[in-house]
Amino acid sequence: MESSLRLSRSFTLPSFGFAADIDRLAIGLSGLCAVHCLASTVLIALAASAGGLLLHPAIHEFGLVVALMLGVVALGGGILRHGAMVPAAVGALGLGMMAGAMQLPHGVPYDGSAETFWTLIGVALLAAGHALNQRVAR
């Protein structure tokens, strides 16, 4: 069963010292994303004009692009290095949830709770994927 989750070890990438650093960076950025989502929701509740800047679609699109790039490099590289696909699958599910949440209505007059909820679930799954990637690489 375990062999079905791993790629052939005949192809391996050289071990780069910064691979674990990319996972740590991605986990940290996931935490910042979670703080951003919660802060945006609180700011909208307090003052619609102050929360408007944090809810600009360009900020969310840029954040998703950065998350996708780090995911491809760290999680995709992890598949090639250690062969375990589960970390990448968990991370990809998180990225998908984050992308899907961007399609939900947010901002005033909506309360944004569904978007925030699904984004936070996606961020948690993405961070878990990076943490699993680190653990498998050890």
Side-chain angles (χ1 to χ4, degrees):
M1 178 72 175
E2 185 180 14
S3 63
S4 66
L5 296 177
R6 295 193 178 272
L7 294 176
S8 170
R9 291 210 182 249
S10 61
F11 176 76
T12 58
L13 285 179
S15 177
F16 296 109
F18 65 91
D21 293 336
I22 294 173
D23 281 319
R24 280 193 286 278
L25 174 66
I27 291 169
L29 289 175
S30 293
L32 287 176
C33 179
V35 169
H36 164 81
C37 288
L38 293 173
S40 297
T41 303
V42 169
L43 284 176
I44 288 171
L46 296 176
S49 62
L53 176 64
L54 292 175
L55 285 175
H56 195 278
I59 291 176
H60 295 128
E61 292 163 3
F62 176 77
L64 184 61
V65 167
V66 170
L68 284 167
M69 290 186 325
L70 288 173
V72 166
V73 171
L75 299 172
I79 291 172
L80 295 175
R81 273 191 313 282
H82 50 65
M85 296 179 66
V86 172
V90 171
L93 178 61
L95 285 167
M97 288 182 135
M98 290 166 61
M102 286 180 61
Q103 306 309 310
L104 296 173
H106 64 276
V108 179
Y110 305 103
D111 67 356
S113 61
E115 180 197 18
T116 301
F117 174 78
W118 289 112
T119 299
L120 290 174
I121 297 296
V123 165
L125 283 170
L126 179 58
H130 284 291
L132 286 170
N133 198 40
Q134 281 185 313
R135 184 169 292 175
V136 172
R138 290 183 195 158

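Predicted model, so just to flag it, every value in this text is computed and none were measured.
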Flag yes if [X] and [Y] sit in one hydrophobic cluster, no otherwise; membership is Ile, Leu, Val, Met, Phe, Trp, Tyr, and two members link when side-chain heavy atoms are under 4.5 Å apart.
X	Y	value
Ile27	Leu29	no
Val86	Val72	no
Leu25	Ile22	yes

Would the distance check show the side chain of Asn133 and the main-chain N or O of Ala74 forming a donor-acceptor pair, the cut-off being under 3.5 Å?
yes
Looking at every heavy atom in both [X] and [Y], which two are closest together, and how far apart are they?
X	Y	answer
Gly122	Met97	CA-CB, 3.8 Å
Pro87	Val136	CG-CG2, 4.2 Å
Cys33	Val123	SG-CG2, 3.4 Å

Any chance you could measure [X], atom [atom1], to [Y], atom [atom2], to the nearest 0.5 Å?
X	Y	atom1	atom2	value
Glu115	Met98	CD	CE	11.0 Å
Leu64	Leu95	CG	CG	7.0 Å
Glu61	Met102	CD	CE	4.5 Å

| Just wondering, do Leu75 and Ile79 contact through their side chains at under 4.5 Å, heavy atoms? |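 Ile79 vs Leu75: side chains apart.
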4.5 Å side-chain heavy-atom contact, His60 and Thr119:
no
Excluding Val35, membership of its hydrophobic cluster (Ile, Leu, Val, Met, Phe, Trp, Tyr; side-chain heavy atoms within less than 4.5 Å) reads none
